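To start, the structure under review is shown below, and the notes come after it.
Given the structure is predicted, the values throughout are model-derived calculations rather than measurements. In the text below, chain A, chain B and the rest are named by the order of the sequence lines, each starting its count at 1.
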Amino acid sequence: MAFVDIRDLKKHSGKTVEIHGWLYNKRGSGKIQFLQVRDGSGFVQAVMGKQDVSEAEFNAAKAAGIETSVEITGEVREDARSPIGVELTCRKFKILGESKDYPIQITEDVPNIDWLLDRRHLWLRSKRPHATLRIRSEVIQAIRDFYYNKGYVLFDSPIFTPASCEGVSTLFEVPYFDEKAYLTQSGQLYGESGCMAFGKVVVFGPTFRAEKSKTRRHLTEFWMVEPEVAFLELDGIMDLAEEQIRYVVTRTLERCKEDLKALERDTSVLEQVTKPFPRVSYDEIQKLLAKLKEEYAKSSDPALVKLSGDILKQGFGDDLGAADETAVGMHFKQCVCIHRYPRHVKAFYMKKDPVNAERAMCVDVIAPEGVGEIIGGSQREENYDELMAQIKKHNVPMDSIDWFVDLRRYGTVPHGGFGMGVERCVQWISGVDHVREAIPFPRTIYRTKP
RNA sequence: AGGGGUGUAGCUUAAUUGGUAGAGCGUCCGACUGUUAAUCGGAAGGUUCUUGGUUCGAGUCCAAGCACCCCUGCCA
């Protein structure tokens, strides 16, 4: 007899089937045992009456601890009390692997996240990480399908790189035979060479940042999707970013209903993703923020008054701060594209705005609900002389980037792309508080284990 | 890197002015044939983060250290 996935049990109503899995929870008496079994596809209750099985089987079930792995044969029976509509009447029960004193309990008193992350290899079995990581899986598959269906070539960039792509951020240095290498912090420069060969490429892989960030938005190792397209200019880049986010969110809403429900995610803001994203320039956003700052200062809500104090802290001409992004998200209640930031706060490879030399042809997509920046992108500087000037200005070491400059020497064209942080996207969609819940084994400044 | 905070049983936590470290959950034992985070009865479980100091007496006060969390900055 073949094992049946718990999610498919309803199709076998009235029949005798075999399932295997782990005891998620159980309760019972001297005469009946209620065994909650999970197999990764779903949860079902197997009901074991004392007369249904041998005495040895009954006693084994009674003594089994949480997370014992089991094989159960039983009849699938419809029951209105079951959350999945069916139960199993247990006929045979076999223990595959014992489990005593399982450390993680099902409880209202949620242990702190650090304690749980120390046991992440086990915590993965619990409902909350299970739902979050299923959403992650769907998000990643949606991203891959989106680009595949649009004819993009999947273009893998190297993990070992010679030096900084952006010049400023801290890189992880690793010994590389007799030399030094660095773990990539972006595949973009390689993506740019890819798009000159294939037109439309997408880089999708892990990236590493050695910044000592200690916030709920940062990881030292995270996954990034980076499309790069030849002949695409800033408006087209915003179109692509918007279309991609819309596709990923609507598809996850459709296909992960149960997981979102398990996480008690209010999806009303996510559903706004079908509307066009407001596109606001940096200069316009400054005016809006000044207005919001004034408005929030008068609020009776102390949280808004505090936020008001933090808005526009950075001053005009500087990058936006976290409070600014929160205020923008609160105002629009959906994703917003902010474009044409001051050039001096952005990376060297971004194209100068032909209308205002102080501005860069770039765009950040800010997600609402306090998640902040999930996409950063730009049209790239395609002019050789302009690019060289920027490289010098930013002190990018020429000997590690000379190959990149070749792209402007041999048939340069307008082009651009963006990077989206997969974990931040998953964090937003699933509504989990911390980006570390959005990846199976998070790496942060103080955590490389398990 | 800067600012703020926390550390008591496996987990969540209480402990008045410095005066016997207590509870809920989990675990173990027992009861219960319809429980859904079951219920009821009982038991075990503590170097109060570490070291030093003040005191008749320290979970509580002081100092140093360790660990982690949150926020800011950097970014995705």
Side-chain angles (χ1 to χ4, degrees), chain A residues 24-36 43-52 58 62-63 65-66 77 79-84 87 89 100-119 126-127 165-166 168-170 185-188 206-226 241 306-307 310 313-314 318-326 345-347 364-367 370-377 418-428 433-436 438-439 444-447:
Chain A
Y24 179 74
N25 200 356
K26 61 161 200 157
R27 60 190 69 78
S29 68
K31 303 201 174 130
I32 189 167
Q33 296 294 323
F34 300 102
L35 309 170
Q36 321 288 337
F43 293 80
V44 71
Q45 174 164 272
V47 183
M48 179 191 279
K50 195 161 187 172
Q51 73 285 355
D52 296 331
F58 188 85
K62 200 177 167 188
I66 298 304
R77 184 169 40 72
D79 192 308
R81 288 166 294 196
S82 164
I84 61 161
E87 285 186 346
T89 302
K100 294 282 180 205
D101 300 323
Y102 187 68
I104 298 172
Q105 58 179 285
I106 306 160
T107 172
E108 301 180 71
D109 299 327
V110 183
N112 75 64
I113 188 167
D114 202 51
W115 186 89
L116 288 166
L117 283 173
D118 281 341
R119 292 151 186 81
S126 301
K127 283 190 174 175
C165 294
E166 310 207 359
V168 283
S169 301
T170 321
Q185 62 172 352
S186 166
Q188 183 204 312
T207 50
F208 307 88
R209 305 268 167 104
E211 293 144 1
K212 293 186 173 176
S213 303
K214 293 180 290 185
T215 79
R216 58 190 183 83
R217 304 189 302 281
H218 288 88
L219 296 166
T220 55
E221 175 184 312
F222 65 97
W223 287 67
M224 190 152 66
V225 55
E226 297 174 283
K306 186 183 179 297
L307 182 64
D310 291 334
K313 241 180 170 171
Q314 317 260 31
D318 286 330
D319 210 347
L320 299 184
D324 301 325
E325 292 181 357
T326 301
V345 302
K346 291 292 181 182
D364 283 358
V365 180
I366 309 297
V371 174
E373 184 179 350
I374 59 169
I375 278 181
F418 61 81
M420 183 182 80
V422 169
E423 288 75 17
R424 284 203 187 158
C425 184
V426 173
Q427 180 189 3
W428 177 46
D433 186 50
H434 204 297
V435 72
R436 356 178 157 176
I439 186 168
T444 60
I445 172 169
Y446 296 127
R447 178 177 296 284

*Could A:Arg119 and A:Trp115 be counted as a cation-pi pair, given that NZ or CZ must be under 6.0 Å from the ring centre and within 45° of the axis?*
yes
*At their closest point, which heavy atom of A:Ser29 faces which heavy atom of A:Phe58, and how far apart are they?*
O-CZ, 3.9 Å
*asked:* Taking the minimum atom-to-atom distance to the side chain of A:Gln36, which one of B:G34, B:U36, B:C25 wins?
replied: B:U36
*How do A:Lys212 and A:Ile113 order along RNA chain B: which one's closest nucleotide is nearer the 5' end?*
A:Lys212
*Any donor-acceptor pair under 3.5 Å joining the side chain of A:Glu87 to the base of B:G34?*
yes
*If you look at every strand shown and take non-hydrogen atoms under 4.0 Å, does A:Gln314 touch a base, only sugar-phosphate, or nothing?*
sugar-phosphate
*Between B:U33, B:U72, B:U36, which one does the side chain of A:Lys31 approach most closely?*
B:U33
*Closest to the A:Asp114 side chain: B:U36, B:G10, B:C69?*
B:C69
_Separation of the P atoms in B:A67 and B:C62, to the nearest angstrom_ = 22 Å
*Assign A:Val422 to base, sugar-phosphate, or nothing according to its heavy-atom contacts below 4.0 angstrom with the strands shown.*
nothing
*With the threshold set at 4.0 Å, does a side-chain nitrogen-carboxylate oxygen contact exist between A:Asp118 and A:Arg447?*
yes
*Which is true for A:Tyr102 with a 4.0 Å heavy-atom rule: it touches a base, it touches only sugar-phosphate, or it touches nothing?*
nothing
*Using centres under 5.5 Å plus planes under 30 degrees as the test, is A:Phe34 stacked with B:G34?*
no
*Under 4.0 angstrom, heavy atoms only, what part of the nucleic acid is A:Leu219 near: base, sugar-phosphate, or nothing?*
base
*When you measure from the side chain of A:His434, which nucleotide among B:U27, B:C74, B:C70 comes out closest?*
B:C70
*Measure the spacing between CG of A:Leu116 and CZ of A:Arg436 and express it to the nearest 0.5 Å.*
11.5 Å
*Across the strands shown, which category fits A:Ala322 at heavy-atom distances under 4.0 angstrom: base, sugar-phosphate, nothing?*
sugar-phosphate
*asked:* Quick check on B:C68: is either OP1 or OP2 less than 4.0 Å from any side-chain nitrogen or oxygen of A:Asn112?
replied: no
*Under 4.0 angstrom, heavy atoms only, what part of the nucleic acid is A:Thr215 near: base, sugar-phosphate, or nothing?*
base
*Within less than 4.0 Å of OP1 or OP2 of B:U33, is there a side-chain N or O belonging to A:Ser29?*
yes
*asked:* What's the closest nucleotide to the side chain of A:Arg217 if the choices are B:U33, B:G34, B:G73?
replied: B:G73
*asked:* Under 4.0 Å, counting only non-hydrogen atoms across every strand here, what does A:Gly28 touch: a base, just sugar-phosphate, or nothing?
replied: base
*When you get a sec, tell me which of B:A1, B:U35, B:C75 is the closest nucleotide to the side chain of A:Lys214?*
B:A1
*Examine the base of B:C75 for any acceptor or donor lying under 3.5 Å from a partner atom in the side chain of A:Ser213, and report the outcome as yes or no.*
no
_At 4.0 Å (heavy atoms only), tell me whether A:Asp319 reaches a base, stays on the sugar-phosphate, or touches nothing._
sugar-phosphate
*Establish, with yes or no, whether the OP1 or OP2 oxygen of B:U72 is under 4.0 angstrom from a side-chain nitrogen or oxygen of A:Arg216.*
no
*What does A:Gly30 touch in the nucleic acid at a heavy-atom separation under 4.0 angstrom: a base, only the sugar-phosphate, or nothing?*
base
_Just to be sure I understand the rule, does A:Arg119 reach a base, reach only the sugar-phosphate, or reach nothing, if contact means heavy atoms closer than 4.0 Å?_
nothing
*How close do A:Val435 and A:Gln427 get, heavy atom to heavy atom, and via which atoms?*
CB-OE1, 3.6 Å
_Under-4.0 Å side-chain N/O to phosphate OP1/OP2 contact, A:Arg447 with B:C69_ = no
*May I ask you to evaluate whether A:Trp115 reaches the phosphate of B:C11, defined as a side-chain N or O under 4.0 Å from OP1 or OP2?*
yes
*Once you round to the nearest 0.5 Å, how far does CZ of A:Arg217 lie from CD of A:Glu423?*
14.5 Å
*NA contact type, A:Asn25, heavy-atom cut-off 4.0 Å: base, sugar-phosphate, or nothing?*
sugar-phosphate
*Which part of the nucleic acid, if any, lies within contact of A:Glu423, taking any heavy atom under 4.0 Å across all strands shown: a base, the sugar-phosphate backbone alone, or nothing?*
nothing
*Under-4.0 Å side-chain N/O to phosphate OP1/OP2 contact, A:Arg77 with B:G34*: no
*asked:* Taking donor-acceptor contacts at under 3.5 Å, does the side chain of A:Gln105 reach the base of B:U27?
replied: no
*Considering only B:C74, B:C68, B:U36, which nucleotide approaches the side chain of A:His218 most closely?*
B:C74
*Within the distance-only criterion (no hydrogens, no angle test), does the side chain of A:Thr207 pair as donor or acceptor with the backbone N or O of A:Phe222 below 3.5 angstrom?*
yes
_If I pick the P atom on B:G10 and the same atom on B:G3, what distance separates them, to the nearest angstrom?_
35 Å
